[in-house]
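Input: a single structure, listed below in structure tokens.
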Amino acid sequence: MVSLSDLEEFRHEVRRWLGANCPESMRTPVLSDADYYLGGSNPEFSHPDQKRWADLMAEKGWTTPTWPSEYGGGGLTREEAAILRDEMSAIGARSPLNSFGISMLGPALLEYGNEDQKSEHLPKIVRGEITWCQGYSEPGAGSDLASLQTRAEDTGDHYLVNGQKVWTSFADKADWIFCLVRTDNSGTKHEGISFLLVEMASEGVSVRPIKLISGKSSFCETFFDNVRVPKENLVGEEGKGWEIAKYLLTHERETISGFGQDSSGRTLAEVATEEIGLGADGRLEDGVLRRDVAQLEVDLLAFAATMDRVRDEAKAGQGLGAASSIVKYCGTELNKRRFELMMSLHGERALAWEGEHCDDGEMPRAWLRTKANSIEGGTSEIQLNIVAKRVLGLPS
Amino acid sequence: MALVLDDDQLMLRDTAGRFLAERAPIAQLRRLRDEHDELGYSAQLWQEMATMGWPGIAIPEKFGGLGMGYTELGIVLEQVGRNLSASPLEASALVGATAVAELGTEAQKESLLPAVAGGELTFALALQEGSRHQPRKTAMSALKQSDGWVLQGRKVLVFDGHTADKMIVVARTAGRPGDETGLSVFVVDADTDGVLVERVVMVDSRNSANVSFDGVEVGPDGLLGSEGGAYAPLQRVLDIANVGMAAELLGLSAEAFERTLEYLKVREQFGVPIGSFQALQHRAAKMYAELELARSIVLTSLQAIDGADDSLSALASACKAKLCEVATLVTAEAIQMHGGIGMTDEADIGLFIKRARVAQQTYGDYSYHLDRFARLNSY
């Protein structure tokens, strides 16, 4: 147990270090996807400070604060990590590095990987040297994830992988992919699935970006045509990959439920006031939109309180509260409502797609992008099924 | 403050839940209703509540209370909601005592609060004059005279008005209906000459009253707070009252939901439990999600009262609006999912929607609080 004074000492040290090392340019709101630094062997920077900030944080292991220091992580306790988060948000510091390696593969490797896999891959994730993508979904499978067809055949010293993945975010930029493959067809559909790590540069791997209704996309299709994968790249036991998949999905759902910010960082009410104007009585001049804004703001407040409660319950050792099972559903549905309303508030300007003075259609593209929130990572309907059956115990 | 209940609060919740389920269950509300009970609640139950210290949960120890807080009172009110228990707890402890604590002088607190905490003195708030909650539009007059004031006017929807020992009366000592200034609050004995109380049994079988004040004389010590400056402190009293009502709405909604969930598991149609139908499963899951959001905002708001959070007003309105919305959804779905049986008086499930409707309307309904939330956020 860390004493309070040690924690206060730690907070002081974190504050001092951040003050000295976080570049001013990294203390501004994230305005577009380009402001997220994804790392990788061919990194893209929207600002030169991005790399410096990520490197400085990686050196301390603070790109992955709670990972063990032997793999390059920060080795912080939950309390210390919470302090780091508080202090970063106090100065508006951006997250230094964002990747599936950090949010998804890392936690899975820490839980299920062997020593070689951990020491090989984790430090590279911490430093952002290698970027990962996720190969779960397949055409025709959708939310029925376990009906995947990509095969991995054991040929002695390696697996021979054939099949196709879809919705692989950033596959065109990734160095490696972690994917679910079928190593056995004989049991139920949840059996015979294995968790495999594949280098994207392997012969037989090809990638095709998918253009979405937003006109932009980080999504790709990924094809495997007789790809040879060393057997040491199997994580966990052969045929037991579904357990890892489920573990990862929990992480993914928590990540997706996070909110997209209005690019200006303004609240709905501020946007509404500016776009619509107030009447003599101090109320928005469009009464219907005023009601919509107030309703959504109330729901956002209740959702934020729920996120706080989930965190506090976890901190109090009450396990993940029952509330956490609705976080993905509520978060994504609220985000969609938020962008629908934002489109209404911005009016005609929100419809411009290309041309002068339209920010490259950022608003409508972001709006269209949110439509995926309630599909990716398990649709809203799947989340409701999970709540109905596992939480509420309703019969099949 | 962490958004979790600590061990003492969990114990209070469980104790209160068990006590009310045993001593003040829905069957008791039915009995009071069917026997046209004159009091509208059980005097013995109220004394038992007083023995446990409930009327004084949020009253400081130096004024005879338990000095716990509104979070604790909210925890008890949630259990009251689950059991639809009738008692003066809301009118007297949540609203009346809070008004005295927020507006009164030290002397007034010393003379009034210990008696409330002990359950010997009950209050009722006489505020509303028309069909809807509009404190600023108060028209009732309090005319200054040499030795005090003379009250003239009529109030409606006075919760527990026909049983309260004292009325807390909002009247205008200056200004015109619609003005924020000029409002004053008075404490008036219910048996004062000129006070005429007509009982109204509400749709939820709980107590209300219309009260007329015809030339009622109030002495100098009857003024609670400053003359003409009651609007702001009254807003805080109402914020607290609304969060308390939201806690009760949370309890009754959670109970109605859980009873419905149980029904979905046992009621069979077409040879299977109706809870196996996806159309109902998804609606049940959505209700569960809404209830979790509701629970979070109620706990946040209760803690904001105890933490003297200066943004309480907007939060309280958000909280009441959210709980009005969730209670409407859940109680209506509860009846729909129970089918025909849900429409019968014999089934308890219909009693939840009745209490919900009254609790929603009391101290401002959904539209009032959504509008207030927007105004407090400058739009």
Side-chain angles (χ1 to χ4, degrees), chain A residues 267-273 276-278 281-285 287 289-291 293-295 297-318 321-327 329-330 333-334 380-381 383-389 391-396, chain B residues 1-6 10 257-258 261-262 264-266 268 272-278 280-301 303-304 314-315 317-323 325-326 366-367 369-379:
Chain A
T267 65
L268 277 166
E270 285 164 348
V271 173
T273 306
I276 297 169
L278 301 177
D281 60 357
R283 291 178 166 92
L284 276 188
E285 284 189 316
L289 279 176
R290 178 173 185 265
R291 178 194 172 114
V293 170
Q295 278 179 332
E297 294 239 308
V298 165
D299 281 335
L300 290 172
L301 249 179
F303 183 73
T306 303
M307 294 297 279
D308 287 345
R309 185 156 70 90
V310 169
R311 264 194 295 275
D312 288 346
E313 282 175 357
K315 229 185 278 178
Q318 297 184 1
S324 68
S325 58
I326 52 137
V327 161
Y329 167 74
C330 289
E333 294 296 329
L334 279 171
S380 284
E381 288 71 23
Q383 308 305 325
L384 293 174
N385 284 348
I386 292 171
V387 171
K389 297 209 165 64
V391 182
L392 304 180
L394 287 168
S396 294
Chain B
M1 250 178 290
L3 279 172
V4 288
L5 300 186
D6 64 29
L10 287 171
F257 173 69
E258 284 163 28
L261 192 60
E262 198 47 44
L264 291 177
K265 291 176 186 174
V266 298
E268 292 196 359
V272 291
I274 59 172
S276 64
F277 302 141
Q278 198 177 50
L280 297 186
Q281 288 186 347
H282 282 193
R283 276 154 59 193
K286 284 180 190 177
M287 278 195 274
Y288 167 78
E290 287 294 320
L291 280 165
E292 287 296 326
L293 298 186
R295 179 169 298 284
S296 308
I297 200 166
V298 166
L299 184 53
T300 301
S301 304
Q303 290 186 350
L315 186 56
S317 275
C319 179
K320 180 75 184 299
K322 183 70 197 167
L323 267 294
E325 187 201 8
V326 173
Y366 178 70
S367 70
H369 283 288
L370 203 59
D371 174 70
R372 183 170 182 261
F373 174 80
R375 269 191 292 115
L376 289 168
N377 283 293
S378 312
Y379 64 92

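Note that these values count all heavy atoms, side chains included, but never hydrogens, waters or copies made by symmetry.
At a 4.5 Å heavy-atom cutoff, the contact between B/Phe373 and chain A is made by side-chain atoms alone. If you measure heavy-atom distances from A/Arg291 to chain B, the contacts under 4.5 Å come from both the backbone and the side chain. A/Val293 touches chain B through backbone and side chain together, each having a heavy atom under 4.5 Å away. For A/Gln295, the parts lying under 4.5 angstrom from a heavy atom of chain B are both the backbone and the side chain. Of the two parts of A/Leu392, the backbone and the side chain both hold a non-hydrogen atom closer than 4.5 Å to a non-hydrogen atom of chain B. The part of B/Tyr366 that comes within reach of chain A is its side chain, from C-beta onward, which places non-hydrogen atoms under 4.5 angstrom from that chain. Of the atoms belonging to A/Ile326, it is side-chain heavy atoms, and not backbone ones, that fall under 4.5 Å from chain B. Both the backbone and the side chain of B/Asp371 have a heavy atom closer than 4.5 Å to some heavy atom of chain A. With a threshold of 4.5 angstrom between heavy atoms, B/Glu258 does not approach chain A through any atom at all. Interface remark: B/Ser378 contributes backbone atoms only to the contact with chain A (heavy atom separation under 4.5 Å). Only the backbone of A/Ser396 comes within contact range of chain B, with heavy atoms under 4.5 Å apart. Contacts between A/Glu381 and chain B at a heavy-atom distance below 4.5 Å involve backbone atoms as well as side-chain atoms. With a 4.5 Å cut-off on non-hydrogen atoms, B/Leu5 touches chain A through its backbone but not through its side chain.
B/Ala374 and A/Arg290 make their closest contact through CB-NH2, 3.4 Å (heavy atoms, listed as atom of the first residue, atom of the second, distance). Residues B/Ala318 and A/Leu301 share a closest heavy-atom pair of CB-CD1, 3.7 Å. Across B/Gln281 and A/Pro395, no two heavy atoms sit closer than the pair NE2-O, 2.9 Å. Nearest heavy-atom pair, B/Ala289 versus A/Cys330, reported as atom, atom and distance to 0.1 Å: CB-SG, 3.8 Å.
Ion pair B/Arg375/A/Asp281 not flagged as a salt bridge, since none of the NZ, NE, NH1 or NH2 atoms sits closer than 4.0 Å to an Asp/Glu carboxylate oxygen.
Side chain of A/Arg309 to main chain of B/Glu292: a donor-acceptor pair is present (N/O by atom type, distance under 3.5 Å, no hydrogens or angles).
Note on A/Asn385, A/Thr273, A/Leu278: by heavy-atom pairs under 4.5 Å with chain B, the leading option is A/Asn385. Your options are B/Leu264, B/Leu370, B/Thr300, and the one with the most heavy-atom pairs under 4.5 Å with chain A is B/Leu370. Comparing A/Glu285, A/Glu333, A/Glu297 by heavy-atom pairs within less than 4.5 Å of chain B, the highest count is held by A/Glu297. Heavy-atom pairs under 4.5 Å with chain A were tallied for B/Ile297, B/Leu293, B/Leu261; the largest tally goes to B/Leu293.
Annotation: side chain of B/Glu325 is in contact with side chain of A/Asp299 (closest heavy-atom distance under 4.5 Å).
Note that OG1 of A/Thr267 and CG of B/Asn377 are 8.0 Å apart. Values are rounded to the nearest 0.5 Å. B/Arg283 contributes atom CZ, which lies 12.5 Å from atom CG of A/Leu384 (distance to the nearest 0.5 angstrom). Taken from CG in B/Leu299 to CG in A/Asp308, the straight-line distance is 10.5 Å, to the nearest 0.5 Å. Atom NZ of A/Lys389 and atom CD of B/Gln278 lie 6.5 Å apart (nearest 0.5 Å).
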